[in-house]
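Encoded as structure tokens, the structure appears first; notes follow it.
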Amino acid sequence: MHPDCTYLPRRVHQAFVGDTSENAHLINHNNGRAESHYADDWYVLAVSPAFVLVYYCGCNDAACGYSGAVLYTRAETFEALSAAEQNDVAVAIQEAGIPGFALERMCRPDNRACSSAL
């Protein structure tokens with residue numbers, strides 16, 4: 001990100017293939033040197049009209065075993081989801097049973113470098 005908080009333009013093409021034995025598993029393997037030989041596995045943990053929760057893990061030339069999660073929603077903040085929707089997210093995380101993966105450990109985008117006027 002530039003100091004003025006504008007994003008650098010870049011192009012990334014990710015192609016995922018659905019796992020035929022597990023519907024919620026998306027596979028992105030066999031990438032070349034330009035993509036740092038990365039291999040990602042995405043697991044769709046929950047889907048609702050209000051959100052999609054995805055857990056991912058993978059390897060690349062720099063690190064192997066990285067993981068994280070993304071909560072896609074149109075709500076401006078997690079707190080803007082209804083109490084029932086927040087509970088659905090928490091239940092999906094708990095049911096996933098992934099060690100160290102907990103709702104309270106999820107972070108929000110951090111744009112501290114940006115002025116409050118943005």
Side-chain angles (χ1 to χ4, degrees):
M1 182 182 296
H2 287 287
D4 66 356
C5 297
T6 57
Y7 288 94
L8 296 171
R10 60 184 160 189
R11 290 182 182 207
V12 175
H13 175 75
Q14 292 185 300
F16 289 87
V17 176
D19 184 340
T20 58
S21 64
E22 189 176 347
N23 290 336
H25 181 203
L26 302 172
I27 303 166
N28 182 357
H29 293 179
N30 301 318
N31 293 289
R33 186 177 69 196
E35 295 88 12
S36 299
H37 298 106
Y38 76 89
D40 283 347
D41 290 270
W42 286 23
Y43 298 89
V44 180
L45 302 180
V47 176
S48 81
F51 66 86
V52 175
L53 177 62
V54 176
Y55 176 80
Y56 63 87
C57 55
C59 289
N60 62 35
D61 289 345
C64 192
Y66 61 82
S67 64
V70 177
L71 178 65
Y72 294 99
T73 179
R74 293 177 191 246
E76 289 187 27
T77 65
F78 178 75
E79 291 76 15
L81 293 171
S82 72
E85 292 162 345
Q86 290 180 31
N87 185 64
D88 290 346
V89 172
V91 168
I93 290 170
Q94 184 178 15
E95 288 179 351
I98 300 166
F101 182 38
L103 182 60
E104 57 275 1
R105 293 189 66 201
M106 292 185 77
C107 59
R108 287 156 175 73
D110 182 356
N111 291 327
R112 282 182 280 186
C114 301
S115 72
S116 59
L118 296 178

Single-linkage hydrophobic cluster Ile27~Tyr43, side-chain heavy atoms < 4.5 angstrom: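 In one cluster with Ile27: Tyr43, no.
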Flag side-chain contact, heavy atom, 4.5 Å: Asp88 against Phe51: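 Asp88 reaches Phe51 side chain to side chain.
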For Glu22, I'd like to know if atom CD has over 12 heavy atoms of other residues, nucleotides or ligands within 6.0 Å.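 Correct, the count exceeds 12.
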Compare every heavy atom of [Y] with every heavy atom of [X], then report the nearest pair and how far apart it is.
X     : Y     : result
Leu81 : Ala75 : CD2-CB, 4.0 Å
Ser82 : Glu85 : N-OE1, 2.9 Å
Asp19 : His25 : OD2-ND1, 2.8 Å
Ala92 : Leu53 : CB-CD2, 4.0 Å
Gln86 : Glu79 : NE2-O, 3.2 Å

Excluding sequence neighbours, so at least two apart, what forms side chain to side chain contact (heavy atoms under 4.5 Å, CB included) with Tyr56?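 Testing Tyr56 for side chain to side chain contact (heavy atoms under 4.5 Å, CB included), a comparison that skips the adjacent residues, returns Trp42, Tyr66, Val70.
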Residues in side chain to side chain donor-acceptor pair (under 3.5 Å) with Thr20, at least two apart?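 For Thr20 there are no side chain to side chain donor-acceptor pair (under 3.5 Å) partners, ignoring immediate neighbours.
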Tell me every residue that passes disulfide (SG to SG under 2.5 Å) with Cys57, counting only those two or more places apart in sequence or in another chain.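 With neighbours one apart ignored, the set is empty.
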Return the CG to CZ distance between Asp40 and Phe16, rounded to the nearest 0.5 Å.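 Going from the CG atom of Asp40 to the CZ atom of Phe16 covers 5.5 Å.
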